[in-house]
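Notes for the one structure printed next.
Everything numeric here is computed off the predicted structure, so don't read it as measured data.
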Amino acid sequence: MASLIGETVFESNGQAPAPSKDFYQLVITKKEVIWRFWKISLRSEFRNTNPGELRETHKEYLDDSSLQAQIATVLGANIVNYTLNLCRGNFDYLERLPDALLLYLILYLDLEDVAQLSQTSRRFEKLCSSDALWERIVENSCDTITLEMRALSKEVGWKQIFFTNKLQLQMQIRRRRQTSENLVV
């Protein structure tokens with residue numbers, strides 16, 4: 001499992017709260033925490049300020065409540081908690097799996113579980129509502145998928161097709177066919 005972790009374990013960036021325009025970047029590598037900052041100001045005394053960088057080992061970061069407070073101000077308390085876990089060696093391997101593998105695993109879940117999984121993170125929300133997932137769910141639940149269904153899926157999406165009852169789906173396909181026939185005539 002350790003091979004799933006690249007050199008950069010986590011990266012995030014953000015702008016300091018208003019009225020500041022300063023920009024910050026946080027990078028967590030396997031060995032250190034890097035906090036970069038760019039002072040952005042129209043005031044003459046800050047115009048020639050160079051970007052800054054603070055590097056700490058994981059152990060130093062765990063003990064540095066001042067840096068943690070700065071990060072919480074810019075990126076939020078949840079990010080600080082997540083980075084603390086990373087520095088303690090608690091890696092989230094599920095987040096590191098490729099989308100194709102996660103989609104394959106999600107196919108084995110019940111629909112209720114897919115709905116709950118979609119609420120855990122932005123990435124899982126995107127995966128659980130993706131057309132790629134719902135196309136495979138429809139393929140697994142239907143005997144055949146016609147060309148007309150595929151064409152309709154481009155308009156309404158596979159998730160909509162899955163949750164549309166058969167009668168409504170047939171009516172939508174018939175309307176679509178009539179519209180295309182009227183365009184030809």
**Asked** Would you say the ring centroid of F10 lies under 6.0 angstrom from that of Y82?
**Response**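 Centroid distance F10-Y82: below 6.0 Å, so yes.
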**Request:** Compute the centroid of each ring, for W158 and then for F163, and state whether the two points are separated by less than 6.0 Å.
**Result:**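 Centroid distance W158-F163: not below 6.0 Å, so no.
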**Message:** With a 4.5 Å cut-off on side-chain heavy-atom distances among I, L, V, M, F, W and Y, is there a chain of contacts connecting F23 to L54?
**Reply:**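 F23 does not cluster with L54.
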**Connected via hydrophobic side-chain network under 4.5 Å: V74 and I40** =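 Unlinked, V74 and I40 end up in two clusters.
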Could you tell me which non-hydrogen atom of [X] sits nearest to which non-hydrogen atom of [Y], and how far apart they are?
X    : Y    : answer
L75  : G14  : CD2-N, 3.8 Å
K39  : T49  : CB-CG2, 4.0 Å
T57  : E60  : N-OE1, 2.9 Å
A72  : V80  : N-CG2, 3.5 Å
V138 : M149 : CG1-CE, 4.4 Å
D64  : L67  : OD1-N, 3.1 Å

How many angstroms lie between [atom1] in [X] and [atom2] in [Y], if you round to the nearest 0.5 Å?
X    : Y    : atom1 : atom2 : result
E135 : S130 : CD    : OG    : 10.0 Å
I28  : I79  : CD1   : CD1   : 10.0 Å
I34  : Q25  : CD1   : CD    : 8.0 Å
D99  : L133 : CG    : CG    : 11.0 Å
N90  : L84  : CG    : CG    : 10.5 Å
I137 : L107 : CD1   : CG    : 6.0 Å

Does the side chain of [X] reach to within under 4.5 Å of the side chain of [Y], using non-hydrogen atoms?
X    : Y    : answer
L117 : I106 : yes
E7   : K30  : yes
R123 : L102 : yes
P51  : F37  : no
V27  : R36  : yes

**side-chain contact (heavy atoms from CB on, under 4.5 Å) assessment of T83 paired with V33** = CA-CA 9 Å; T83 59; V33 175; over 6 Å; no
**Message:** One pair to check against side-chain contact (heavy atoms from CB on, under 4.5 Å): Y104 and R136. What are the steps and the verdict?
**Reply:** CA-CA 9 Å; Y104 179 78; R136 292 175 73 185; 3.8 Å; yes
**Request:** Under the side-chain contact (heavy atoms from CB on, under 4.5 Å) rule, what do D22 and Y24 come out as? Steps first, then yes or no, please.
**Result:** CA-CA 7 Å; D22 299 347; Y24 294 86; 3.8 Å; yes
**Asked** Are Q119 and E125 linked by a side-chain donor-acceptor pair shorter than 3.5 Å?
**Response**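 No, because no side-chain N or O of Q119 sits under 3.5 Å from a partner of the opposite role on E125.
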**Prompt:** Going by atom types only, do Q70 and W35 share a side-chain donor-acceptor pair under 3.5 Å?
**Reply:**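 A pair is found: one side chain offers a donor N or O, the other an acceptor, under 3.5 Å apart.
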**Message:** Are there over 12 heavy-atom neighbours, none belonging to L147, within less than 6.0 Å of that residue's CG?
**Reply:**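 Not more than 12 within 6.0 Å, no.
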**Prompt:** Would you say the side-chain atoms of H58 pair up with the backbone N or O of T29, donor to acceptor, closer than 3.5 Å?
**Reply:**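 Yes: the side chain of H58 pairs with the backbone of T29.
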**Message:** Strictly below 4.0 Å, N to O, side chains only: are R150 and E139 in salt-bridge contact?
**Reply:**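 Yes, R150 and E139 are salt-bridged.
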**Request:** Output all residues satisfying side-chain hydrogen bond (donor to acceptor under 3.5 Å, both in side chains) with R88, sequence neighbours left out; order by chain, then residue number.
**Result:**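 Listed in chain order: nothing, the list is empty.
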**Request:** Check ring-ring contact (aromatic ring centres under 6.0 Å, His included) between Y61 and all other residues, then give those that pass, not counting sequence neighbours.
**Result:**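 Partners of Y61 by the ring-ring contact (aromatic ring centres under 6.0 Å, His included) criterion come out as none, since no residue qualifies.
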**Request:** Apply the test side-chain contact (heavy atoms from CB on, under 4.5 Å) to residues E56 and E32: give CA-CA distance (whole Å), side-chain angles for both, the deciding distance (0.1 Å), then the verdict.
**Result:** CA-CA 6 Å; E56 294 186 351; E32 64 184 347; over 6 Å; no
